[in-house]
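This report refers to the structure that appears directly beneath it.
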Amino acid sequence: MNYWLVKSEPFKYSWERFVQDGQTFWDGVRNYQARNNLRAMHSGDLVLFYHSNEGLAVVGVARVVKESYQDPTTEDERWVAVDIEPVETLHTPVTLDAMKREPALANIALIRQGRLSVLPLTKEEFALIRKKGRTS
DNA sequence: GCCAACGTTGGC
DNA sequence: GCCAACGTTGGC
């Protein structure tokens with residue numbers, strides 16, 4: 001079981017819409033590092049859903065329901081998509097600012113490599129963010 | 001809306 | 001194969 005974080009601009013595709021849809025395919029990634037992370041996802045992996053640009057916070061938890069396949073939005077075989085479904089909406093969004101202030105999260109790619117849109121988390125990092133979202 | 005970071009492209 | 005130019009992302 002692996003843990004991930006994906007970014008979406010709420011204007012393009014928000015958590016609220018994702019919950020309404022019940023499932024979505026995660027496509028449009030055009031960055032090799034992000035693509036490699038998508039490819040490494042397995043069914044059942046848990047994914048934090050982060051709102052970039054607006055919100056700047058982790059707002060929910062999702063689960064991978066279908067492993068990587070050819071991105072349906074392009075003919076280009078380099079790119080892949082995965083299917084995910086919502087698991088839970090966080091009681092309180094965990095803001096980027098809060099994560100920056102958390103020493104245990106100093107090394108996550110969200111902070112160190114701001115532009116990466118699909119990134120891995122350790123089990124501990126994932127658990128900490130989820131816990132903050134449930135309680136704080 | 002600006003700008004920093006960083007990935008990609010293309011000329012040499 | 002280097003590196004400058006350019007494009008994109010995302011925080012502020």
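Reminder, nothing fancy here: chain letters follow the sequence lines and each chain counts from 1. What you see is a predicted model; the values in this text were computed from it and never measured. As a basis for the values below, the full set of heavy atoms in this structure was taken, side chains included, without hydrogen atoms, waters or symmetry mates.
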5' to 3', nucleotides 4-10 of chain B under a 4.0 Å protein heavy-atom cut-off (B base, S sugar-phosphate only, - none) gives -BBSS--

The salt bridge (charged side-chain N to carboxylate O under 4.0 Å, His left out) partners of Glu67(A) (sequence neighbours excluded) come to none

Taking the side chain as everything from C-beta on, heavy atoms only, tell me whether His91(A) gets closer than 4.5 Å to Thr135(A).
no

Heavy-atom check, side chain of Gln23(A) versus side chain of Ile84(A), under 4.5 Å:
no

Parallel under 30°, tilted from 30 to 60°, perpendicular over 60°: which one fits the rings of Trp26(A) and Tyr13(A)?
perpendicular

Using the six-membered ring wherever Trp is involved, compare the ring planes of Phe126(A) and Tyr3(A) and label them parallel, tilted or perpendicular (cut-offs 30° and 60°).
tilted

